[in-house]
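Here it is: the structure, laid out below.
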Number of protein chains: 2
Amino acid sequence: MSIKLAILGLLSWKPSTGYDLKKMIEDSSFMHWSGNNNQIYKSLVQLLEDGWVTHEVQHQESSPSKKIYTITDKGLAELRNWVDSSPELPELKKGFLTQLAWADQLNSKELDDLLSRYEAEISLHLALQEEKKRRSLYVPNRTEREACLWEMIAENIISSYRNELLWVQQLRQKLV
Amino acid sequence: MSIKLAILGLLSWKPSTGYDLKKMIEDSSFMHWSGNNNQIYKSLVQLLEDGWVTHEVQHQESSPSKKIYTITDKGLAELRNWVDSSPELPELKKGFLTQLAWADQLNSKELDDLLSRYEAEISLHLALQEEKKRRSLYVPNRTEREACLWEMIAENIISSYRNELLWVQQLRQKLV
DNA sequence: GGTGTCATGTAAACAGTTACATGATTTT
DNA sequence: AAAATCATGTAACTGTTTACATGACACC
């Protein structure tokens, strides 16, 4: 799963500059790339070379000129092709589990403290995700079904953190 | 969260060779590194330089000589220090969500097919994780509490996939 | 006068994967 | 005869992050 396909997706929604894409990717909960310049501007050059996008330079007074990228038919076909390809399993990287794996050297209080700090972080992040969902900037809403899909995508992330929260609370209970 | 700390943890359980570590990391559900040679053998060299481990070369007839790595007091202190450090948020990379985000261009049947393929993959992987938990190779069991922690770590992974499965089933229902 | 937004890009470093390389023994 | 296990390591590549670099304008 390459960031190029996320960019292609966003451009299939609306023509954008690298700067726009950066903001959309950074704001997104499910596009898991950091959205740093290096990745985005390099990808755009590659997408141009592939012929999946075109760009138009727009000069502006009083702010830097920008390149507005638009998806081509070839790019749309590629996107469609990819959307229908075999789904990947999620990659769950939970560093905390590795930390917890060797936590038996802590005493009861230290261990519970550690778990409570994790609980607090998850709890905070969950609230943040819920807030983000309420705000929902940058959400395409072209059909009812698309709105439903995006709603459920946001719900997926939230339910993951809710699940994590329940788990840590259960564990703390068990260890009392 | 570096693989070095996972290795240090494993060595705090028992002295091992790079080869052993590779197997343990590959088999683990929660140590999310692939366990490729490059990473492991390079990390071991660094851990030696740091003074966190020592090694003893054991020559063998009829198989290559091996280096048995043992954690030092300095390494143990470092591990303990790290285990008690502030927990990181999980990193959830779900490529499928990005795929689904642009799936409104598929017709109902294609979309349901896609979701059913994802459901099947998750379902299979969930069974695999449950089987892995039953098998539980390479699980330290030095205290009751440690056993409980490892049990809950395995449960964490399983519940994540169970949650994902429920989510996709719900979505399919919604789209009927 | 400092910070934030708009807008592009590059350089260096680090992390991670795949594939290559060797070589003996054991199992199928 | 082929494949798997034991055991070490390297080379090349891809992906990702952090930091640097520029420059005008707007807001506090």
Side-chain angles (χ1 to χ4, degrees), chain A residues 1-8 10-11 15-28 31-50 53 55-69 88-89 91-95 98 137-138, chain B residues 1-7 10-11 15-28 31-50 53 55-70 88-89 91-95 98 137-138:
Chain A
M1 247 294 298
S2 153
I3 194 175
K4 281 165 80 174
L5 291 151
I7 291 176
L8 219 50
L10 288 167
L11 293 179
S16 310
T17 64
Y19 190 78
D20 294 333
L21 291 166
K22 184 188 166 84
K23 275 189 298 176
M24 291 191 273
I25 291 172
E26 271 175 353
D27 182 72
S28 167
M31 291 182 256
H32 55 259
W33 302 272
S34 71
N36 67 81
N37 293 349
N38 209 327
Q39 243 182 325
I40 290 175
Y41 290 107
K42 269 186 185 156
S43 299
L44 284 171
V45 169
Q46 284 169 36
L47 289 172
L48 264 178
E49 282 168 6
D50 294 334
V53 303
H55 72 310
E56 187 200 341
V57 182
Q58 207 173 88
H59 296 283
Q60 302 173 111
E61 298 166 39
S62 87
S63 53
S65 37
K66 52 180 168 180
K67 294 182 183 171
I68 298 166
Y69 289 86
E88 281 171 26
L89 276 172
E91 272 176 68
L92 312 174
K93 300 199 177 173
K94 306 194 184 185
T98 302
L137 301 168
Y138 315 125
Chain B
M1 244 291 301
S2 153
I3 194 176
K4 280 165 81 174
L5 290 151
I7 291 176
L10 288 167
L11 293 179
S16 310
T17 64
Y19 190 77
D20 294 333
L21 292 165
K22 184 189 166 81
K23 275 189 299 176
M24 292 190 274
I25 291 171
E26 270 175 354
D27 182 72
S28 167
M31 290 181 257
H32 54 261
W33 302 272
S34 72
N36 67 82
N37 294 348
N38 210 327
Q39 241 183 326
I40 290 175
Y41 290 107
K42 268 186 187 158
S43 299
L44 284 171
V45 169
Q46 284 169 39
L47 289 172
L48 263 177
E49 283 168 5
D50 294 334
V53 303
H55 73 310
E56 187 199 342
V57 182
Q58 207 174 85
H59 295 284
Q60 301 172 109
E61 298 165 39
S62 86
S63 55
S65 38
K66 53 181 169 181
K67 294 182 182 171
I68 298 167
Y69 289 85
T70 306
E88 281 171 25
L89 276 173
E91 272 175 69
L92 311 174
K93 300 199 177 173
K94 306 193 184 186
T98 303
L137 299 168
Y138 315 124

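Note that these values count all heavy atoms, side chains included, but never hydrogens, waters or copies made by symmetry. First the proteins, then the strands, lettered A, B, ... as listed; each starts at 1.
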Under the side chain to side chain donor-acceptor pair (under 3.5 Å) test, which residues partner B:T70, sequence neighbours left out?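 B:T70 satisfies side chain to side chain donor-acceptor pair (under 3.5 Å) with no residue once adjacent residues are dropped.
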
How would you label the contact of A:K67 with the nucleic acid (heavy atoms, under 4.0 Å): base, sugar-phosphate, or nothing?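 Sugar-phosphate, no base atom in range.
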
Show each protein N/O and nucleotides 12-16 of chain C N/O combination with a separation under 3.5 Å, one pair to a line.
{"unit_1": "C:dA12", "atom_1": "N6", "unit_2": "A:N38", "atom_2": "ND2", "d": "3.3"}
{"unit_1": "C:dG16", "atom_1": "OP2", "unit_2": "B:Q39", "atom_2": "NE2", "d": "3.1"}

Indicate whether OP1 or OP2 belonging to D:dT8 is found under 4.0 Å from a side-chain N or O atom of B:Y41.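 Yes.
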
For a quick test of reading the model: is some side-chain N or O of B:T17 closer than 4.0 Å to OP1 or OP2 of D:dT8?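 Yes, because at least one side-chain N or O of B:T17 sits under 4.0 Å from OP1 or OP2 of D:dT8.
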
Nearest-Å distance, OH (A:Y19) to P (D:dG23)?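 Rounded to the whole Å, the gap is 18 Å.
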
Just how far, in rounded Å, is P of D:dC6 from CD1 of B:I68?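 Taking CD1 of B:I68 and P of D:dC6, I get 14 Å after rounding.
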
Grab the CG-C1' distance between A:D27 and C:dT5 for me, whole Å please.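 Roughly 16 Å, once rounded to whole Å.
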
Whole Å only: how far is the CD1 atom of B:I25 from the C1' atom of D:dA7?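 B:I25 atom CD1 is separated from D:dA7 atom C1' by 16 Å.
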
Partners passing side chain to side chain donor-acceptor pair (under 3.5 Å) against B:K22 (at least two apart in sequence or in another chain):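 Side chain to side chain donor-acceptor pair (under 3.5 Å) list for B:K22, sorted by chain: B:N37.
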
What is the distance, to the nearest angstrom, from the CG atom on A:D20 to the P atom on C:dT5?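 Answer to the nearest Å: 15 Å.
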
Measure CD/B:E88 against P/D:dT17 and give the value in whole Å, please.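 Between P of D:dT17 and CD of B:E88: 13 Å.
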
Nearest nucleotide by nearest heavy atom, which residue falls closer to the 5' end of DNA chain D, B:K23 or B:L44?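 That would be B:K23.
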
By salt bridge (Lys or Arg N to Asp or Glu O under 4.0 Å) - contacts of B:K67 (at least two apart):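 None.
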
My understanding is that only residues two or more places apart in sequence, or in another chain, count here; which of them pass ring pair (Phe, Tyr, Trp, His ring centres under 6.0 Å) with A:H55?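 A:H55: ring pair (Phe, Tyr, Trp, His ring centres under 6.0 Å) contacts with A:Y69.
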
Tell me: CD1 of A:I40 to P of D:dT17, nearest whole Å?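 Answer to the nearest Å: 11 Å.
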
Is a donor-acceptor contact shorter than 3.5 angstrom present between the side chain of B:N37 and the base of D:dT10?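 Looking at the base of D:dT10, it does not pair with any donor or acceptor on the side chain of B:N37 (distance under 3.5 Å).
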
Could you walk me through whether A:L21 and A:L44 pass the side chain to side chain contact (heavy atoms under 4.5 Å, CB included) check? CA-CA 10 Å; A:L21 291 166; A:L44 284 171; 3.9 Å; yes

Once you round it to whole Å, what is the distance between C1' of D:dT17 and NZ of A:K22?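 The distance from NZ of A:K22 to C1' of D:dT17 comes to 11 Å, rounded to the nearest Å.
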
Within the pair B:S65 and D:dT8, is there a side-chain N or O less than 4.0 Å away from OP1 or OP2?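 So the side chain of B:S65 is outside the cut-off, no N or O lying under 4.0 Å from OP1 or OP2 of D:dT8.
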
Could you pull out all residues at least two apart from B:Q46 that satisfy side chain to side chain donor-acceptor pair (under 3.5 Å)?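 In terms of side chain to side chain donor-acceptor pair (under 3.5 Å), with neighbours along the sequence ignored, B:Q46 is linked to B:K4.
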
Nearest-0.5 Å distance that lies between atom OG in B:S28 and atom CG in B:L137: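 Answer for the OG-CG pair, B:S28 versus B:L137, is 11.0 Å.
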
